[in-house]
Protein chains: 2
Amino acid sequence: MHETEEAVYALITSVLLSGQLAAGAQLVETRLAAVFGLSRERIRKILQRLGHERLLELVPNRGAFVASPSLTQAREIYEARRILEGGIAGRLAGRLDDAQVQALTAHARRERAAAKAGDRARSIRLSGEFHLLLSACCGSEFIERQLQELVSRTSMLVAFFESDTASSCACDEHEQIVEALCEGDAAAAVRTMHTHLSLIETRLRPHAQPRALADPGVVLDKAWRVGRRARR
Amino acid sequence: MHETEEAVYALITSVLLSGQLAAGAQLVETRLAAVFGLSRERIRKILQRLGHERLLELVPNRGAFVASPSLTQAREIYEARRILEGGIAGRLAGRLDDAQVQALTAHARRERAAAKAGDRARSIRLSGEFHLLLSACCGSEFIERQLQELVSRTSMLVAFFESDTASSCACDEHEQIVEALCEGDAAAAVRTMHTHLSLIETRLRPHAQPRALADPGVVLDKAWRVGRRARR
DNA sequence: TGGATATTGATTGTGCACAATCCCCTGCAG
DNA sequence: CTGCAGGGGATTGTGCACAATCAATATCCA
């Protein structure tokens with residue numbers, strides 16, 4: 001019983017991150033309760049959790065709405081990533097052990113392969129995971145959690161703002177970062193990280209996302225059925 | 001009605017941060033509800049919030065307990081601060097405007113005054129606020145929130161682990177950091193920040209804190225009455 | 001017609017009662 | 001004396017019913 005709650009949370013999260021819901025759309029508690037076959041209280045707990053992670057905006061007495069970040073907020077998120085990941089790079093420079101270096105280079109290789117194969121979805125996913133992998137090397141559960149949240153919010157931004165013709169992810173830059181870290185050149189690693197994130201940021205376009213006008217209940221219901229079939 | 005809830009949250013937080021409660025002590029929902037005159041559900045919401053911030057440990061079907069960090073966890077928190085605040089220092093170097101520099105130096109001056117006057121409590125509080133002030137200079141609400149949480153948890157650690165004869169806070173180092181930031185020397189600023197935090201960390205002593213065996217209900221009740229008197 | 005105000009309908013917020021869970025303690029057997 | 005099974009008591013978890021709130025529409029008066 002407890003595990004379905006987790007599954008619902010994961011499902012809503014993935015639907016939000018993939019941008020299938022219009023920004024600002026309301027997620028009505030009773031509706032979701034009916035769709036997922038959970039009590040309203042359980043749904044409520046899930047929504048609050050998503051609100052805390054800023055994937056939803058919780059308005060008192062009004063309800064839960066799909067976060068609709070402004071370009072200003074988007075820039076703030078990238079700035080936060082520059083600060084946090086700059087700190088990570090600076091701390092990790094010259095401190096990676098062999099296993100970590102191997103894991104990072106292997107990951108970069110996989111990214112390169114996906115990019116070469118033109119698998120855009122996989123490429124995007126791997127690109128995000130690279131940053132999380134790097135944060136995991138710090139050995140700080142706190143740092144990992146924080147970056148996880150930032151990466152999630154970035155995914156949502158990309159879904160809303162990135163032009164569809166986005167160039168392939170810059171796996172070169174990931175390799176450069178690993179290289180700088182191995183050489184122990186902290187300043188270079190931080191610099192590379194900063195420019196890397198700034199480059200990603202410049203890809204955002206304020207195209208007034210006209211997609212995804214569907215009813216959230218319908219979208220989630222469909223996703224739930226599909227997942228349910230796959231789950232057995 | 002809503003504001004008393006906020007007041008209760010603030011009160012419990014301050015009591016937790018000041019180390020007046022024994023690590024591992026349970027906060028029973030019904031008890032707190034009686035003390036504060038709130039319904040159990042309101043108390044529950046407050047406890048979950050505190051659990052999310054890791055000031056309490058929430059155990060399913062068991063309850064909320066005062067966090068009792070191990071020395072290992074303590075080190076992890078300081079490591080996280082090195083990473084995050086290193087990132088802040090690296091990002092802020094050479095980018096502070098006049099108003100910010102002025103605010104920071106003014107704060108450092110106040111710290112120095114408090115240290116010279118031997119006002120230990122004020123000195124500690126100001127020392128923590130310096131770091132928050134620095135994070136506010138980033139203009140990222142996210143970064144500010146994260147550091148807020150880390151500083152809170154640090155305060156709790158200090159309450160549990162720091163020797164009572166702790167030397168006065170190193171306001172010299174704070175001034176050094178501001179100086180490096182003004183000069184735009186990112187590497188130096190990061191280095192100073194790292195050593196500063198490491199120095200604070202070395203002050204932790206695993207003295208098996210034997211204090212504060214009082215019942216949480218009693219302590220909170222007393223604090224509540226005192227605050228209530230002061231509030232009008 | 002215009003604008004302020006009352007009404008309504010849908011949605012969230014909360015108190016309460018009861019269910020589920022867990023720890024501790026007791027009793028018993030080996 | 002130790003290990004284990006089970007009961008009892010205290011505490012947390014949750015479904016439900018109703019209260020509070022808000023936006024949108026309807027109503028009324030000038």
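Numbers restart at 1 for each chain; the letters A, B, ... are given by sequence-line order, proteins then strands. Computed from heavy atoms alone, side chains included, the values below leave out hydrogens, waters and symmetry copies.
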J.: With no hydrogens and no angle check, do the side chains of A:Ser70 and A:Gln73 hold a donor and an acceptor under 3.5 Å apart?
T.: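 There is such a pair (donor and acceptor under 3.5 Å, judged by atom type) between the side chains of A:Ser70 and A:Gln73.
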J.: Looking at B:His196 and B:Glu173, would you say the former's side chain and the latter's main chain have a donor-acceptor pair under 3.5 Å?
T.: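 Not at all, since once roles are kept as given, no pair shorter than 3.5 Å links the two residues.
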J.: Name all residues meeting the side chain to side chain donor-acceptor pair (under 3.5 Å) criterion together with B:Ser135; count only those two or more places apart in sequence or in a different chain, and write none if there are none.
T.: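 B:Ser135 satisfies side chain to side chain donor-acceptor pair (under 3.5 Å) with no other residue.
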J.: Quick one: side chain to side chain donor-acceptor pair (under 3.5 Å) partners of B:Arg225, sequence neighbours excluded?
T.: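 Partners of B:Arg225 by the side chain to side chain donor-acceptor pair (under 3.5 Å) criterion, ordered by chain and then number, come out as B:Asp221.
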J.: Taking any atom under 4.0 angstrom from a heavy atom of chain B, which nucleotides of DNA chain D are the first and last to qualify, 5' to 3'?
T.: D:dT11 to D:dT14
J.: Hey, are B:Glu53 and B:Arg153 close enough for a salt bridge, meaning a charged N less than 4.0 Å from a carboxylate O?
T.: no
J.: Could I get the full list of side chain to side chain contact (heavy atoms under 4.5 Å, CB included) partners for A:Val218, not counting sequence neighbours?
T.: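 In terms of side chain to side chain contact (heavy atoms under 4.5 Å, CB included), with neighbours along the sequence ignored, A:Val218 is linked to A:Arg31, A:Asp215.
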J.: Answer yes if the ring centres of B:His107 and B:His131 are under 6.0 angstrom apart, and no otherwise.
T.: no
J.: Minimum heavy-atom separation for A:Ala80 and B:Phe142, please, with both atom names.
T.: CB-CD2, 3.9 Å
J.: Specify the angle, to 10°, made by the local axes at the two ends of the helix from C:dT1-D:dA30 to C:dG30-D:dC1 when five pairs are taken at each end.
T.: 0°
J.: Using heavy atoms to find the nearest nucleotide of DNA chain C for B:Asn61 and B:Ser39 separately, return the residue whose nucleotide is more 5′.
T.: B:Ser39
J.: Which pair of non-hydrogen atoms, one from A:Leu17 and one from A:Ser152, has the smallest distance, and what is that distance?
T.: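 Looks like CD2-O, 3.3 Å.
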J.: Heavy atom of residues 25-34 of chain A under 4.0 Å from DNA chain D: which residues?
T.: none
J.: Output yes when a side-chain donor or acceptor of B:Ser18 lies under 3.5 Å from a complementary backbone atom of B:Ser14, and no otherwise.
T.: yes
J.: In terms of the nearest nucleotide of DNA chain D, which residue is placed more toward the 5' end: A:Arg40 or B:Pro60?
T.: B:Pro60
